[in-house]
Amino acid sequence: MSILKREFSKLIDMYKEVEKDKVNDDEFRLKYHLMPPIGWLNDPNGLCQFNGEYHIFYQYSPFDAKGGLKFWGQYKSKDLINWNDMGAQVYPDNLNDCHGVYSGSAFVENNQMYFYYTGNVKEVGDFDYINKGRQHNTIMFKSNDGINFTNKKLIFKNIDYPENMTCHVRDPKVFKKDNNYYMVLGARDKNDKGCVLLYKSSNLEDWSFINIITSDEKFGYMWECPDMFELTDKVSKNTKTILCISPQGIEKNGYKYNNIYQSGYFLGNMNLNDGKYDFKEFTELDRGFDFYAPQTFLDEKNRNILIGWMGLPDIDDDYYTNPTVELGWQHALTIPRVLELVDNKIYQKPIEELKELRKNQITKRLNNISIYDELKAEVFELDIEFNNAVNNFELELKEDCKITFNKYKKLIKLTLGNSGYGRGCRAVDLNELSRLQIFSDTSSLEIFVNGGEEVFTTRVYPKNNKDKIVLKGNLDNAKINLYELGEYRYV
Ligand code: FRU
C-alpha cells in the first residue's frame with residue numbers, strides 16, 4: 001500500500017469514527033440500497049462479476065456529504081444481498097488523478113479484472129476549466145482478486161484526444177466484440193456539442209482512435225458516462241446496439257427532460273469498423289426525480305444488469321437540499337435491474353435476487369371497491385396486477401406521494417408532496433396500465449410500470465404516515481401482492 005493510500009485510509013477511518021453514529025442513526029438510511037458509509041456517493045463504477053463475486057464500485061467523497069475529492073468506494077457480494085463494505089479502494093494518489101478518481105468501468109477476461117477511469121486534474125489559475133485548466137486522463141489498472149490492485153497506467157492525456165475536443169473527455173467504458181476490445185469515452189467538443197469517442201484495442205492496453213460518434217443535430221453540450229452494449233429484441237429477434245449516455249444541456253420539452261440532466265439511450269446499428277452509428281430517437285431510461293449516470297454489465301448468467309445513481313449532480317440548494325446532508329451522508333445507488341429489449345424498447349426488471357428479502361406476504365384480490373386502504377408498510381415490494389383495463393387509478397404512499405394513471409389522458413404521473421420537498425411532478429405517456437411493481441425503501445421509491453416498460457426512481461423523506469398505502473380508482477379484479485422486505489446484510 002502506498003504511503004498516500006495508507007494515510008488517506010487512516011483519515012477516512014477517523015472521519016468514519018466521528019460520523020458513523022450520526023449517519024447510522026438516521027431514519028432515512030436505506031435498508032436494501034447501497035449507500036456511502038459516510039459522506040457522498042455518485043455514479044456506479046467498475047461494475048462486474050469476477051469468479052462468482054459481484055463488485056460494485058462507486059464515486060465516493062468520504063469527507064463531505066456535499067461532494068469533494070473523489071475516490072472509488074467498493075462493495076462486493078456473492079449474491080447481491082450479503083455485502084462486504086470494502087470502503088474507499090481507489091485513491092487519488094498521483095499527478096494524473098490528484099483531483100479525483102472519476103468515473104469508469106471494469107472489464108473481466110481470463111481471470112483478470114481490467115479497470116479504466118478518468119483521472120481528474122484541475123490546474124490552479126484563471127481558467128474556464130472547459131477549454132483550459134483541466135486534465136482528463138484515461139488511466140487503467142488491473143486486479144486478479146478484486147482486492148489488490150496493480151499500479152496505474154496512463155493511457156491518454158488531453159493531447160491524445162481529437163483536436164476539436166474541450167478538456168471534458170471522461171468516463172471510459174470498455175467492451176468486447178468479436179476479437180477486439182472497444183472503449184467509449186464521453187466528451188464535449190469545442191462547439192459545445194456532446195459526443196462519444198470510440199477507440200479500439202487488441203490487448204486492452206494500446207488503443208487506437210476510430211471515430212467521434214455524435215447525432216446530426218446537437219443533443220446537449222456534454223455526454224457523460226457513455227455505455228455501449230447489445231441486446232436482442234425478444235419480439236423481432238434482431239440484435240441492436242444500445243448507446244446509453246447521460247447528456248447535459250437538453251431543454252425541457254413537456255414531460256420530457258424535466259431533470260437538470262438526463263440519462264437514456266439510442267437504439268441503433270453500430271459499425272465498429274468505421275465507428276458509424278445510425279442514431280434513432282433518444283429514450284429516457286427513467287421518469288423519476290433522482291436518476292443519473294447508469295452503468296451496465298454482463299454477469300456470469302449473461303444478464304445485462306443496470307445500476308444507476310439515485311441522485312443528480314449540481315442540485316441547487318434553492319431547489320432542494322437532501323435532509324440527510326446534515327446527518328453526514330448523501331445519495332445511494334438504485335437496485336440492480338435486468339435489461340431486456342422488447343419491441344424496440346428497453347424494459348427494466350428488478351433483479352430476482354431481491355426476492356430473498358421478502359418477509360411477509362399479503363395477497364388480495366379486490367372486488368367492487370374504489371378505495372382500498374387496509375395495507376400498511378414502509379419497506380416493501382408491492383405488486384399490483386390490473387385484471388381489467390384501468391381507466392383511473394391513484395396510489396398514495398410515503399405520506400403524500402401520488403402515482404396516478406388516466407387512460408383518457410394516456411398518462412402516468414408521479415407527484416411529490418411534502419415528503420418529496422414539493423418538487424412537483426414527472427410523467428410519461430402510457431396507453432394502458434397493466435401492472436405496477438413498487439419498491440419502497442425508507443427514503444426511496446422505484447416504480448416499475450407494466451413489467452419495466454417505464455420506471456420512476458425518486459427519493460422521498462416521509463415524516464408522518466410513513467406506512468400509508470391507499471389505492472383508489474378502478475380496482476375491480478386487481479390482484480395485489482405486498483411483501484415486506486428485509487435488509488441487506490453487511491459482513
Ligand atoms: C457524472 C460525473 C462523471 C464524472 C463523475 C465525477 O455524474 O460528472 O462524468 O466522471 O461524475 O464524480
Side-chain angles (χ1 to χ4, degrees), residues 36 39-47 56-74 88-92 96-106 115-122 129-130 134-140 152 155-156 158 161 165-174 183-189 192 194-197 220-227 243-250 259-264 285-286 289-296 306-316 322 330-334 457 459:
W40 157 284
L41 164 152
N42 58 299
D43 315 353
N45 291 155
L47 306 182
I56 314 287
F57 294 84
Y58 59 92
Q59 285 287 281
Y60 182 27
S61 293
F63 304 125
D64 188 344
K66 293 190 106 177
L69 187 61
K70 299 283 160 68
F71 298 67
W72 276 22
Q74 181 189 15
Q89 281 298 339
V90 191
Y91 290 67
N96 298 318
D97 68 8
C98 56
H99 295 111
V101 179
Y102 272 16
S103 284
S105 60
F115 295 94
Y116 302 85
Y117 73 96
T118 299
N120 182 49
V121 180
K122 219 173 156 183
Y129 295 106
I130 297 167
R134 184 186 290 278
Q135 297 168 29
H136 269 174
N137 301 306
T138 302
I139 301 172
M140 77 172 287
K152 298 167 176 175
I155 296 183
F156 297 130
N158 285 15
Y161 304 125
M165 292 300 128
T166 62
C167 305
H168 287 250
V169 179
R170 57 178 174 268
D171 311 335
K173 176 87 200 297
V174 168
M183 178 192 289
V184 280
L185 280 162
R188 169 178 187 158
D189 78 8
D192 292 330
C195 57
V196 161
L197 309 183
Y221 60 80
M222 170 72 195
W223 290 2
E224 294 195 308
C225 301
D227 198 346
L243 173 60
C244 196
I245 54 165
S246 291
Q248 300 183 317
I250 312 277
N259 291 335
I260 178 168
Y261 307 133
Q262 276 56 57
S263 292
L285 270 165
D286 199 279
F289 292 81
D290 300 286
F291 183 86
Y292 195 62
Q295 186 176 97
T296 68
L306 176 141
I307 296 179
W309 169 24
M310 210 156 40
L312 279 159
D314 303 334
I315 294 296
D316 200 321
N322 191 323
Q330 184 167 208
H331 297 312
L333 299 179
T334 66
T457 301
R459 297 297 302 281

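We count ligands from 1, going down the list as the structure has it; atoms in each ligand are counted the same way. In this chain, residues are counted from 1 in sequence order.
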**Request:** Below 4.0 angstrom from a heavy atom of Lys70, which ligand 1 atoms are there? Numbered from 1 as shown, please.
**Result:** 12 (O)
**Fill in**
Heavy-atom nearest pair, Phe291 first then Leu312, reads O-CD2, 3.6 Å
**Asked** Who's the nearest protein heavy-atom neighbour of atom 2 (C) of ligand 1, and how far?
**Response** Asp43 OD2, 3.4 Å
**Message:** Looking at Asp290, is its backbone amide N or carbonyl O close enough to the side chain of Thr457 to form a donor-acceptor pair, meaning the two atoms are under 3.5 Å apart?
**Reply:** no
**Backbone or side-chain N or O of Glu224 under 3.5 Å from ligand 1 N or O** = yes
**Message:** Between Thr118 and Asp171 (side chain of the first, backbone of the second, donor and acceptor by atom type, cut-off under 3.5 Å), is there such a pair?
**Reply:** yes
**Prompt:** So, does His331 use its side chain to make a donor-acceptor pair with the main chain of Ala65 at under 3.5 Å?
**Reply:** no
**Asked** Is there a donor-acceptor pair under 3.5 Å between the side chain of Tyr161 and the backbone N or O of His136?
**Response** yes
**Residue and atom name of the nearest protein heavy atom (relative to atom 12 (O) of ligand 1), distance in Å to one decimal** = Gln59 OE1, 2.6 Å
**Asked** Just distances here: any N/O of Trp309 and N/O of ligand 1 closer than 3.5 Å?
**Response** no
**Request:** Please name all residues satisfying salt bridge (charged side-chain N to carboxylate O under 4.0 Å, His left out) with Lys173, sequence neighbours left out, ordered by chain then number.
**Result:** Asp227
**Request:** Please determine which of Asn120, Asp97, Val121 meets the side chain to side chain contact (heavy atoms under 4.5 Å, CB included) test together with Asn137.
**Result:** Val121
**Item:** Atom indices of ligand 1 within 4.0 angstrom of Ser103 heavy atoms, with elements
**Value:** 5 (C), 10 (O)
**Asked** Numbering the atoms of ligand 1 from 1, which are under 4.0 Å from a heavy atom of Tyr102?
**Response** 4 (C), 6 (C), 10 (O)
**Message:** Looking only at distances, can you tell me whether any N or O atom of Asp171, backbone or side chain, sits closer than 3.5 Å to an N or O atom of ligand 1?
**Reply:** yes
**Message:** Closer than 4.0 Å to some heavy atom of Tyr292 - which atoms of ligand 1 meet that?
**Reply:** 1 (C), 7 (O)
**Asked** Does Asn42 have a heavy atom less than 4.0 Å from any atom of ligand 1?
**Response** yes
